[in-house]
Every structure is written in C-alpha cells, then in structure tokens.
Amino acid sequence: MGRFVVGIVGNFNLINDEYPAYAAGKMNCDALSKVSNVIPIIVPSSPEFTTVDELISMCDGFLFTGGRPNVHPSNYGVEATAAHGDFDRDRDALTLPLIKRAVSIGLPIFGICRGFQEIAVAMGATLHPEIRELDGRMNHRMPPDGTLEEKFAIRHEVTFRSDGIFSKILGSDRIETNTLHGQGIADAGDRLIIDGWASDGTPEALYVKDAPGYTYSVQWHPEWNAENDPISTRLFEAFGEAVRNYGNAQ
C-alpha cells in the first residue's frame, strides 16, 4: 500500500496583485512529505469546489495552516471590528464544518497558527483580536522586516503540562519556538484542553477533549525547518503515525 493522503487547506492569494490562486507553503508540503511520510494535496479554501463529505472520503488527515486572514468573529459570537483584521469567509465556511466532522469521526487533524485558532473556534472557543494590546502580553506578531530566517527565528519559550500529551510527544515540558500571530484564545470553552503556554500566559498548544483521533494543534510554526528541528520533527512524525493508523483502520 502506498502513502496516505493529507489535505492542506490552501489560502486564497492574488499573484502579482491580480491573478487569483489557492496556495499552500512549500514548507508545509515538505514537512508532510519528508517528516510525516504522507502525500500532501492542496485543497482550495472554498466550499464552492467541494463538500466536507467528499474531502473526508479522499483524505486520511488534514493540516490546517497559518494564513494572513483571521477567522471571522461572527463564528464565535462577536461583532467584527477593525482590530480583527482581514477575513476569508470562504475558508471559514469550509474549514469549520470540516474540523467538526473530522473530530467526530476520529480523522486526524493538525492545526498551525490560524489552523490552531480555527480548531479552537470550531470547538467553541473565542479569540482576542490583538493579544499584544492585553496587559502583560508580549508581541507575538511576525517581525515586519528581515529574511525568512529572521521572521521564523526562535522568539519565546513554551511550557507544557509535565504530565500532558505534548510533554510526552516532545520529550520535554519546556521548549523554544518561533511566533508569527496576532490573535489568540480568549475563552477556550469546554471542548479544548490547553496543554501549553507562552511565558506571558498565551495558549500555545491544545487538543480536543475526549476526541477519538489526533487533534493536536500549536500556535507557532513547526513546519519551518521541520526536517532539522527536533521539536518540529517529533510533531510531524506523531501526526504521520496518526494518519497511518487511521488509514489502515479504514
């Protein structure tokens, strides 16, 4: 049997500010193919092209990646303001029901940055529009200037529960990560287990309570240098194992 398939929900982009396209970062594809040992496929981020049922039948797992637009606050009962930034309502319309369905049937999902927030919102959480404006919080946003290496450089510590899932996967209850996000979880609700925090208290790692499958998600970007960074490697290896276990059971 060949490798199993993981769908990457692509982001809508304008190439050269005029040509509409759906795209996913090469580093996401590299991490899935070379570390998780699965086949990555890019899924257009709109329900115009496919249904949740069709995607579930095609894929053995899903990676929900980062993206510049934020989850629209109407999805967690809040009125949109300028502080909430830009949105992609089509991506919301596809990913939120897809996450709910995947969680319910145990299909593995892995959320990164915006994907972390999508999974949180799909499970009933609310978000802060701009965490750097909260008392005692640091600026978690991507540096506006510099090379990719500088933008994805290590910037803060994340601490996990000593007896939690992430400590077991990563072999440590304290790591150093990059950070490239503006929003963060406000109220986690009843379905999420927050398992890791930045030093300022911002939630950085989560999973869905009592979910039958892999739902581990992180607020940082482990896809950066995933082949060579031991923490990132362990996360993507764990996801790949979950995908294979799910696929072999079907």
### Query
So, Asn16 side chain and Glu18 main chain: donor-acceptor pair closer than 3.5 Å or not?
no
### Query
Sequence neighbours excluded, which residues qualify as salt bridge (Lys or Arg N to Asp or Glu O under 4.0 Å) partners of Glu157?
Arg174
### Query
Hey, does the side chain of Asn248 reach the backbone of Arg244 with a donor-acceptor pair shorter than 3.5 angstrom?
yes
### Message
Please give me the minimum heavy-atom distance between Ala23 and Ile42, naming the atom from each residue.
### Response
C-CG2, 4.4 Å
### Gln250 side chain vs Tyr246 backbone, donor-acceptor pair below 3.5 Å
yes
### Query
Within the distance-only criterion (no hydrogens, no angle test), does the side chain of His221 pair as donor or acceptor with the backbone N or O of Glu223 below 3.5 angstrom?
no
### Task
Test Ile109 against every option in Phe62, Tyr214, Phe239 by the side chain to side chain contact (heavy atoms under 4.5 Å, CB included) rule and name the one that passes.
Phe62
### Task
For residues Phe236 and Leu32, determine if any side-chain heavy atom of one lies less than 4.5 Å from a side-chain heavy atom of the other.
yes
### Message
Can you confirm whether Ile165 sits close enough to Ile169 that some side-chain heavy atom of one is under 4.5 Å from a side-chain heavy atom of the other?
### Response
yes
### Summary
Tested for ring pair (Phe, Tyr, Trp, His ring centres under 6.0 Å) against Tyr216, the lone hit among Phe116, Phe166, Phe64, Phe160 is Phe166
### Query
Taking C-beta and beyond as the side chain, do Ile112 and Gln219 meet within less than 4.5 Å on heavy atoms?
no
### Message
With no hydrogens and no angle check, just 3.5 Å: does a side-chain donor-acceptor pair link Thr50 and Glu54?
### Response
yes
### Pairwise salt bridge (charged side-chain N to carboxylate O under 4.0 Å, His left out) hits with a residue in residues 116-130, at least two apart
Arg91-Glu118, Arg114-Glu118, Glu130-Arg132, Glu130-Arg141
#### Entry: Side-chain donor-acceptor pair present, Ser167, Arg161, cut-off under 3.5 Å
no
### Message
Any side-chain to backbone donor/acceptor pair from Asn178 onto Ile154? Under 3.5 Å, distance only.
### Response
no
### Query
Between Asp60 and Gly247, what is the shortest heavy-atom contact and its length?
OD1-CA, 3.9 Å
### Task
Look at the side chain of Thr202 and the backbone N and O of Ala198, then say whether any donor-acceptor pair between them is shorter than 3.5 Å.
no
### Message
What I'd like to find out is whether the side chain of Asp90 reaches to under 4.5 Å of the side chain of Ser45, using heavy atoms alone.
### Response
no
### Summary
Hits for salt bridge (Lys or Arg N to Asp or Glu O under 4.0 Å) against Asp53, two or more places apart or cross-chain, chain-then-number order -> Arg101
### Ser232 side-chain N/O to Ala226 backbone N/O, donor-acceptor pair under 3.5 Å
no
### Task
Verify whether the ring centers belonging to Tyr22 and Phe49 lie closer than 6.0 Å.
yes
### Message
I want to check something: taking the side chain as every heavy atom from C-beta on, are Asn28 and Leu63 in contact at a cut-off of under 4.5 Å?
### Response
yes
### Pairwise side-chain contact, Glu176 with Arg155, heavy-atom cut-off 4.5 Å (strictly under)
no
### Task
Without swapping roles, check the side chain of Thr177 against the backbone of Trp220 for a donor-acceptor pair under 3.5 Å.
no
### Message
Closer than 3.5 angstrom, by distance alone: can the side chain of Asn13 be matched with the main-chain N or O of Asn11 as a donor-acceptor pair?
### Response
yes
### Query
Does a side-chain heavy-atom distance below 4.5 Å link Ile119 with Val208?
yes
### Message
According to a hydrophobic-cluster definition based on side-chain heavy atoms being under 4.5 Å apart (Ile, Leu, Val, Met, Phe, Trp, Tyr only), do Ile8 and Val243 belong together?
### Response
yes
### Task
Could you tell me whether the side chain of Leu192 reaches within less than 4.5 Å of the side chain of Tyr207, counting heavy atoms only?
no
### Query
side chain to side chain contact (heavy atoms under 4.5 Å, CB included) between Leu14 and Tyr19: does it pass, once the steps are laid out?
CA-CA 5 Å; Leu14 286 176; Tyr19 184 83; over 6 Å; no
### Message
Please check: side-chain N/O of Glu241 versus main-chain N/O of Ala238, any donor-acceptor pairing under 3.5 Å?
### Response
no
### Message
Against Phe12, only a single residue in Pro69, Pro20, Ser46 fulfils side chain to side chain contact (heavy atoms under 4.5 Å, CB included); can you say which?
### Response
Pro20
